[in-house]
Amino acid sequence: MQNFVRESHVPKTSKIRIYTDVDLSVDSVVELNAEQSHYLLTVMRLQSGDKLLVFNNRDGEFDCTLTPKNKKSVLLKINSKTRDFERVPDIWLMFAPLKKDRTDFVVEKATELGASRIVPVITRYTISDKIKIERWQAQTIEAAEQSRRVDLPQINEPIALFKLLENWDLHRRLYFMDETGTGKDIVTVFSSAPPPSALLIGPEGGFSERELNLLHSKSYACAVSLGKRILRAETAAVASLSCWQATCGDWKKE
Ligand code: SAH
């Protein structure tokens, strides 16, 4: 049987990895909040002396040792820095929110696939449950912990498509997934789509004619086709972000 050599950035054992918002530096001791302490002690059953990884979206990632302060609170002694802080490439994922579980899926996958920002966009045919940004934030944290990101995607407040386009920063190219087939194929378009860029996916009902006309009229926007089949919005989100990372993002090795 062939032995595969592991890539250097993938650790051999997967240690528990958590996000905290406190400052982190080698040799300091940080106290976790009640919820995280409960998770480590009661859910994960960690004990005094156990090691874990911690990151805070600014200082990098650190190896630390757990010391319970009391039954409800945990201290982490920071031993060493395991990774420097780095941001994912500057790629925004903008999409019309969907029903709750489908939106959850997009937020989780956008984080795993390395979106720098997630933007809920309200379009004519958007039918969504109430948008709860705190819930999205919790989901991005969980997905970043699991996927070994050292940064978190930023999440915008929902914005109407017309407003978003009105205030667009011209340095950023906008690629909208156009199910009507007028766009170029994604490989051609992404042969030159460097960051900063943004991807836009419509709702289940698609973009309205007026929205498509408006998008087509913008000099900074470019229509993209994802082939002959009509994809669900969440599939289009994952497919377009994957293609971008593969061609213009950090899936490409130097
Ligand atoms: N109701 C529409 C489909 C909308 S699919 C219809 O029946 O025609 C939801 C969104 O996914 C679309 O607005 C588009 O942004 C994206 N999408 C789905 N399939 C696509 C494709 N083949 N090419 C480009 N974008 C696609």
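Read the numbers this way: they start at 1 and go in the same order the structure lists the ligands and their atoms.
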*asked:* As a quick check of understanding, evaluate side-chain contact (heavy atoms from CB on, under 4.5 Å) for Ile118 and Asn156, giving each step before the final call.
replied: CA-CA 6 Å; Ile118 300 174; Asn156 279 27; over 6 Å; no
*Verify whether the ring centers belonging to Phe85 and Phe55 lie closer than 6.0 Å.*
no
*Using a 4.0 angstrom limit on heavy atoms, which residues are close to ligand 1?*
Met177, Asp178, Glu179, Ile201, Gly202, Pro203, Glu204, Gly205, Gly206, Phe207, Val224, Ser225, Leu226, Gly227, Arg229, Ile230, Leu231, Ala233, Ala236
_Measuring centre to centre across the rings, with the benzene-like ring taken for any Trp, is Phe95 within less than 6.0 Å of Trp136?_
yes
Distance-only donor-acceptor hits, side chain of residues 217-233, under 3.5 Å, sequence neighbours excluded:
{"unit_1": "Ser217", "atom_1": "OG", "unit_2": "Leu214", "atom_2": "O", "d": "2.6"}
{"unit_1": "Tyr220", "atom_1": "OH", "unit_2": "Leu165", "atom_2": "O", "d": "2.9"}
{"unit_1": "Ser225", "atom_1": "OG", "unit_2": "Gly227", "atom_2": "N", "d": "3.1"}

*asked:* My understanding is that only one of Thr65, Thr67, Val30 makes a side chain to side chain contact (heavy atoms under 4.5 Å, CB included) with Leu75; could you say which?
replied: Thr67
*asked:* Test side-chain contact (heavy atoms from CB on, under 4.5 Å) on Leu199 and Trp92; report intermediate values, then the result.
replied: CA-CA 6 Å; Leu199 310 174; Trp92 294 5; over 6 Å; no
